[in-house]
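As the structure lists them, so they are numbered: ligands from 1, and atoms in each ligand from 1. We number each residue from 1, following the sequence as shown. What you are looking at is a predicted structure, and each value in this text was computed from that prediction instead of being measured.
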Amino acid sequence: MTTIGIDVGGTNIKAVLTGRDRCILAKLSLPTYAERGPDVVIGQLHAAVEGLLEHASRDDLSGIGIGAPGSVDFERGMILHPPNLPGWEEVPVVALMRDRWQVPVRIDNDANCAALGEAYFGAGRRVAHFVGITLGTGVGSGIIIDRKIYHGEKGYGGEFGHTSIDYNGPPCGCGNFGCIEAYLGNSYLVANARERILHHPESPLYALLSEGTGALTPRHISEAAADADPVAFDILYDAGFKLGIAIANAANLLDITTFIIGGGVSAAGKPLFDGIAEGANGRALKVHRGFISILPAALGNDAGMLGAASLLATP
Ligand SMILES: [Zn+2]
């Protein structure tokens, strides 16, 4: 039997065909054409399924899983007001796919799917419980308990990015202050870095400041840290330490001690991960101290589609 997983992004749709024992049989990527509206995007989802079924018999297809941005009503199978899919209010994407392909179809949000992908195919294969954290424009996350996504009462569980570590901290887009997203979301991270680099003309990053906003990116900071720039190292260590404190809160609340970190900023590697481990293990309750394990995600951009394919495997 085979399963298809589809990750619907604002720019591209990524899809995978998986077979027995989680082997990957085929992958493809198509433009989303988000600006052309829901009918065209649904057409692209059908095209992705058609493309993958060139590699397997349609009779063997046991189901389709979909990861989608923003709020997803996973019980009714709807994508609700996704921020990067203009013209979508409430689209019954599950019903549309099921009617066309006549197989079970499941849907969940992209951060939950990324975590589930790590659980079945990546860094979380050997643990039953963990929190998957994706550092990107925002700080996304999914809580995996007993190898299943924890949704909470209304399906909005797992918003680790809006864990506040300072009630007087910087304002977050959600209306709260001091959320971890307001420190580690890409634009916040870069804005904080700019402030710090301004005082360090000796840093190789200093020259980028005069090129206007947008010239400095998290990648520049990671590269400078890898080249032993102490300013870049401190920026990433400090960001990691703050994330570690939020992780200590989560470990205390959930008694979960494995945290899997992915997304663009996670490529910063050692300084970031050292900071996270220090913050988390230094601030968690004594019972968890020294036991919190911070793992890099293993699947990169494939996590979402592989998690979507795994939605069918979980009850
Ligand atoms: Zn927030």
With heavy-atom distances below 4.5 Å as the criterion, would you say the side chains of Ile256 and Ile145 are in contact? yes
The Zn ion (ligand 1): protein N, O or S atoms that are less than 2.8 Å away, sorted by chain: His162 ND1, Cys172 SG, Cys174 SG, Cys179 SG
Can a salt bridge be assigned to the pair Arg100 and Glu50 using a cut-off of 4.0 Å between side-chain N and carboxylate O? yes
Short N-O contact, Asp166 and Lys242, less than 4.0 angstrom: no
Which pairs, with at least one residue in residues 118-159 and sequence neighbours excluded, count as a ring-ring contact (aromatic ring centres under 6.0 Å, His included)? Phe74-His151
How long is the gap from OG on Ser266 to CD1 on Ile260, to the nearest 0.5 Å? 11.5 Å
With clusters defined by side-chain heavy atoms of hydrophobic residues (ILVMFWY) lying less than 4.5 Å apart, directly or transitively, does Val139 cluster with Ile149? no
